[in-house]
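Inspection log for the structure reproduced underneath, given as structure tokens.
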Amino acid sequence: QVQLVESGGGLVQPGGSLRLSCAASGFTFSNYAMKWYRQAPGKGRELVATITESGGVTNYADSVRGRFTISRDNAKNSVYLQMNSLKPEDTAVYYCNALKMVPSQGPLELWGQGTQVTVSS
């Protein structure tokens, strides 16, 4: 069964840290770039961080650069998002996304179900 399963969300105080995990199954994980998105209440989905298939290149939204770190372990079919110095505006549902460009077919995307992160005192 092809799936992405996020975990690690929860309630944290401002300035705190959380580590999100996304476990992949049912497909060749190392062939996919991985991304974390988030969606706050009443807002559109925002791309937070990306990592290439090998993990060699990462990119971040300006809003999280320097506070969040994306990483992956291809041996464990998992991608992670370490979130430090959390702010109330980081409150959102966080989604894991897998992306592969298929020649002559275009992008193939997979999504997880999301995990809630709430930053509040």
Side-chain angles (χ1 to χ4, degrees):
Q1 182 179 3
V2 174
Q3 61 178 357
L4 295 170
V5 179
E6 300 99 332
S7 61
L11 173 64
V12 63
Q13 292 186 342
S17 298
L18 281 176
R19 188 190 193 217
L20 305 183
S21 299
C22 173
S25 61
F27 63 98
T28 306
F29 179 73
S30 59
N31 287 348
Y32 286 73
M34 298 299 298
K35 306 184 180 191
W36 285 97
Y37 286 81
R38 67 185 180 186
Q39 187 164 19
K43 296 188 176 181
R45 194 165 290 190
E46 175 190 18
L47 176 60
V48 174
T50 66
I51 188 166
T52 53
E53 292 84 340
S54 66
V57 179
T58 58
N59 283 291
Y60 300 92
D62 288 344
S63 57
V64 307
R65 187 174 290 112
R67 300 187 297 122
F68 290 12
T69 302
I70 187 171
S71 62
R72 66 190 294 163
D73 185 338
N74 286 347
K76 295 183 178 180
N77 290 342
S78 294
V79 62
Y80 309 98
L81 187 68
Q82 177 67 43
M83 305 186 294
N84 299 329
S85 303
L86 282 160
K87 306 175 181 179
E89 51 264 43
D90 294 319
T91 295
V93 178
Y94 284 71
Y95 297 91
C96 177
N97 170 276
L99 176 67
K100 175 183 177 181
M101 296 303 295
V102 181
S104 74
Q105 296 185 36
L108 176 60
E109 283 191 288
L110 304 169
W111 289 90
Q113 83 290 347
T115 185
Q116 176 70 47
V117 171
T118 302
V119 184
S120 176
S121 54

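Note that the coordinates shown come from a computational prediction; the quantities given were computed from them, not determined experimentally.
Contact of the Glu53 side chain with the Ser30 side chain is not registered, since no non-hydrogen atoms from C-beta on lie closer than 4.5 Å. Using a 4.5 Å heavy-atom cutoff, the side chains of Val12 and Met83 are not in contact. Side-chain atoms of Leu99 and Leu108, non-hydrogen and from C-beta on, never get closer than 4.5 Å to each other. The side-chain heavy atoms of Tyr95 and Val48, taken from C-beta on, include no pair separated by under 4.5 Å. Ser78 is not listed as a side-chain neighbour of Ser21, based on a closest heavy-atom distance of 4.5 Å or more.
Under a hydrophobic clustering in which Ile, Leu, Val, Met, Phe, Trp and Tyr are joined whenever their side-chain heavy atoms come within less than 4.5 Å, directly or via other members, Phe27 and Trp36 fall into the same cluster. There is a path of hydrophobic side-chain contacts, each under 4.5 Å, that joins Phe29 to Val102. Connection of Tyr80 to Ile51 is not established within any shared hydrophobic cluster, with ILVMFWY side chains joined at heavy-atom distances below 4.5 Å, either directly or through further cluster members. Note: the hydrophobic cluster containing Leu20 does not contain Tyr37 (ILVMFWY, side chain heavy atoms under 4.5 Å, direct or indirect links). Each of Met34 and Leu47 belongs to its own hydrophobic cluster when Ile, Leu, Val, Met, Phe, Trp and Tyr are linked at side-chain heavy-atom distances under 4.5 angstrom.
Checking Asn84 against Ser17 by side-chain atom types alone, a donor-acceptor pair falls below 3.5 Å.
In this structure, the side chain of Ser85 does not engage the main chain of Gly15 through any donor-acceptor pair within 3.5 Å. Under a 3.5 Å cut-off, the side chain of Asn77 and the backbone N or O of Thr28 do not form any donor-acceptor pair. In terms of modelled atom types and a separation under 3.5 Å, the side chain of Ser63 and the main chain of Ala61 share no donor-acceptor contact. Between the side chain of Arg67 and the backbone N or O of Gln82 there is no donor-acceptor pair closer than 3.5 Å.
Rounded to the nearest 0.5 angstrom, Lys35 NZ and Thr58 OG1 are separated by 13.5 Å. In this structure, Arg38 CZ and Arg45 CZ are separated by 13.0 Å, a value rounded to the nearest 0.5 Å. Going from atom SG of Cys96 over to atom CG of Leu4 covers 4.5 Å, rounded to the nearest 0.5 Å. Here the NZ-CZ distance, from Lys76 to Arg72, works out to 14.5 Å after rounding to the nearest 0.5 Å.
Ion pair Arg65/Asp62 flagged as a salt bridge, since at least one NZ, NE, NH1 or NH2 atom sits closer than 4.0 Å to an Asp/Glu carboxylate oxygen.
Of all heavy-atom pairs between Leu18 and Leu86, the closest is N-CD1, 3.8 Å.
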What donor-acceptor contacts under 3.5 angstrom involve side-chain atoms of residues 109-121, with partners at least two apart or in another chain?
{"from": "Glu109", "atom 1": "OE2", "to": "Asn97", "atom 2": "ND2", "distance (Å)": "3.0"}
{"from": "Gln113", "atom 1": "NE2", "to": "Glu6", "atom 2": "O", "distance (Å)": "3.4"}
{"from": "Gln113", "atom 1": "NE2", "to": "Glu6", "atom 2": "OE1", "distance (Å)": "3.4"}
{"from": "Thr115", "atom 1": "OG1", "to": "Gly9", "atom 2": "N", "distance (Å)": "3.3"}
{"from": "Gln116", "atom 1": "NE2", "to": "Ala92", "atom 2": "O", "distance (Å)": "3.4"}
{"from": "Gln116", "atom 1": "NE2", "to": "Thr118", "atom 2": "OG1", "distance (Å)": "3.3"}

